[in-house]
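Notes for the one structure printed next.
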Amino acid sequence: MALTGRAALLAALGSLPVGIWEPSWTGILAVNAPLAVACACDFALAAPVRRLGLTRSGDTSVRLGDTADVTLTITNPSRRPLRARLRDAWPPSTWLPGTETTASRHRLKVPPGERRRVTTRLRPTRRGDRQADRVTIRSYGPLGLFSRQGTHKAPWTVRVLPPFTSRKHLPSKLARLRELDGRTSVLTRGEGTEFDSLREYVPGDDTRSIDWRATARQTTVAVRTWRPERDRHILLVLDTGRTSAGRVGDAPRLDASMDAALLLAALASRAGDRVDLLAYDRRVRALVQGRTAGDVLPSLVNAMATLEPELVETNARGLTATALRTSPRRSLIVLLTTLDAAPIEEGLLPVLSQLTQRHTVLLASVADPHITKMAKARGNVDDVYEAAAAAQAQSERHHTAEQLRRHGVTVVDATPDDLAPALADAYLALKAAGRL
């Protein structure tokens, strides 16, 4: 069988005559000298690494769960061909577990004075900005005996955006919105909505809708009909304090809150309402204001991408004061926070009246589906104890929600999968009732 490359060279060198039984320095040098010459020649013929030119192009953003392609262009300005192995290093959260070795390593050959491209496919597992670390290149000679190695900086940032999985609910919520808007069904009535027309009173109508002046001019009782108002202001407030770091399933509570906020923002912007975002714990983490309907969703997604829970207690007074400064006019304030008794009773309730006096307040909280599962368990003694603990936790949660409702707050408490559509339904119910 014919030998080529490195194997042939080593076989040839191994056949040189040496003293087998009594090796001498002369014999050792007779073998090692040709090998050293071959290695030196191989090293000299390897393309230099430091002179290589590296540039990047490709995706700058990607939704969590999708893939992004980043292309690296390698230019070889030397007179020697480049035979190399390349490692494109990124943070560990840029790859699915176990795929980094194959995804980040490439083989390439670049003739003298030419360029080649290699593409690294990223699949991030966390939100936020992922920045390229360094590119390590190992350049081999024609025999592969020796190599040159060096590193290059090739900066590039890929922003990993929230996945917005709840967008699948948007078509059904928009259909309901069109009904409220009078496009496919009768007009709704309620306090604070836009006047549309008069019609005859029927039993069951709200007496506050009676138009007494119109009634005096005719023989029947006339009531006003109303069209849901547009150009209302909605402030989404994300609590990024320690309670948002609690994991429900495979993700923090903050991620479920952001997904619900995005569905509500998409729905409200289609309804003609203005949507702003405030993320707060002890200071402002993100603030999005004054965006147009077409720009509001991309702006929110971009602002949420880098948000992470902070392991500090949320300052409820600071949050309330910031929300009031952000919304000087009457608005719908949507608080995406916890329903745990201590943060609500000690933090939010003492300052809640400042919000409810001027604004309509809606509080949305992520419930743990594991608690519901525990509450139904009855298999053995341990299951019964777990069910009792789950029932107590649910009772405390319901009690906290009732306290908020007595202060005029609309409460939405749902599991991560159900929170986004439930929050959208609560918004539509407020519109239907004329409270927006």
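Remark: the Asp281 side chain and the Thr314 side chain contain no N/O donor-acceptor pair separated by less than 3.5 Å. Counting only N and O atoms by type, the side chains of Arg130 and Ser93 include a donor and acceptor under 3.5 Å apart. Side-chain contact annotation: Asp239 with Ser244, donor-acceptor N/O pair under 3.5 Å absent. Defined by atom type and a distance below 3.5 Å, a donor-acceptor pair is missing between the side-chain atoms of His152 and Thr136. Counting only N and O atoms by type, the side chains of Thr415 and Asp418 include a donor and acceptor under 3.5 Å apart. Thr119 and Asp69 share no donor-acceptor pair across their side chains, judged by distance under 3.5 Å alone.
Taking OG1 of Thr67 as the start and CZ of Arg121 as the end, the distance is 5.0 Å to the nearest 0.5 Å. Atom CG of Leu122 is separated from atom CG of Asp59 by 8.5 Å, given to the nearest 0.5 angstrom. The CG atom of Asp273 sits 10.0 Å away from the NE2 atom of His233 when rounded to the nearest 0.5 Å. In this structure, CG on Asp368 lies 12.0 Å from CZ on Arg247, to the nearest 0.5 angstrom. His169 NE2 to Asp425 CG: the interatomic distance, rounded to the nearest 0.5 Å, is 9.5 Å.
Side-chain atoms of Leu161 and Val62, non-hydrogen and from C-beta on, never get closer than 4.5 Å to each other. With a 4.5 Å cut-off on side-chain heavy atoms, Thr60 and Arg159 do not count as touching. Put simply, the side chain of Leu108 does not reach to within 4.5 Å of the side chain of Ile137, judged on heavy atoms. Looking at Leu319 and Val237, their side chains come closer than 4.5 Å, going by heavy atoms from C-beta outward. A heavy-atom distance below 4.5 Å is not found between the side chains of Ser139 and Gln149. Within the 4.5 Å cutoff, no side-chain heavy atoms of Pro309 are placed close to those of Thr240. In this structure the side chain of Leu363 reaches within 4.5 angstrom of the side chain of Leu339, judged on heavy atoms. Using a 4.5 Å cut-off on side-chain heavy atoms (C-beta onward), Arg253 and Thr243 make no contact.
For Arg107, the CZ atom sits in a loose shell: 12 or fewer heavy atoms of surrounding residues, nucleotides or ligands are nearer than 6.0 Å. Residue Arg330 qualifies as enclosed at atom CZ: its count of foreign heavy atoms under 6.0 Å is above 12. Annotation for Arg285: atom CZ counts as buried by contact number, over 12 foreign heavy atoms lying within 6.0 Å. Heavy atoms from other residues, nucleotides or ligands lying under 6.0 Å from CZ of Arg167 number more than 12. Within a 6.0 Å radius of CG in Asn380, other residues, nucleotides and ligands contribute more than 12 heavy atoms.
Closest approach of Asn76 to Ser78, counting heavy atoms only: OD1-OG, 2.8 Å. Of all heavy-atom pairs between Leu287 and Gln289, the closest is CD2-OE1, 3.5 Å. Among all heavy-atom pairs drawn from His359 and Arg329, the shortest one is CE1-O, 2.8 Å. Summarising the geometry of Lys431 relative to Ala271, their closest heavy-atom pair is CE-CB, 3.9 Å, with the distance given to 0.1 Å. Here the shortest heavy-atom pairing between Trp95 and Ala103 reads CZ3-CB, 3.4 Å.
With respect to the salt-bridge test (charged N to carboxylate O, under 4.0 angstrom), the residues Glu313 and Arg242 qualify. A salt bridge does not link Arg291 to Asp276: none of the charged side-chain nitrogens sits closer than 4.0 Å to a carboxylate oxygen. Checked for salt-bridge contact, Lys153 and Asp133 meet the test: a charged N lies under 4.0 Å from a carboxylate O.
Between the side chain of Asn315 and the main chain of Gly318, a donor-acceptor pair closer than 3.5 Å is present. Under the 3.5 Å distance criterion, the side-chain polar atoms of Arg63 are matched with a main-chain donor or acceptor of Pro162. A distance-only check finds no donor-acceptor pair linking the side chain of Arg138 to the backbone of Ser147 [under 3.5 Å]. No side-chain donor-acceptor contact under 3.5 Å links Arg116 to the backbone of Ile74. The closest donor-acceptor contact from the side chain of Ser331 to the backbone of Ile234 lies at 3.5 Å or more, if one exists at all. Within the 3.5 Å criterion, the main-chain N or O of Ala89 finds no donor-acceptor partner in the side chain of Ser104.
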Query raised in the report: salt bridge (charged side-chain N to carboxylate O under 4.0 Å, His left out) between Asp88 and Arg56: does it pass, once the steps are laid out?
Result: CA-CA 11 Å; Asp88 190 4; Arg56 289 191 186 272; 2.7 Å; yes
Report task. Evaluate the criterion salt bridge (charged side-chain N to carboxylate O under 4.0 Å, His left out) for residue pair Arg87 and Glu100; output intermediate values, then yes/no. Result -> CA-CA 10 Å; Arg87 179 176 182 261; Glu100 189 270 342; 3.2 Å; yes
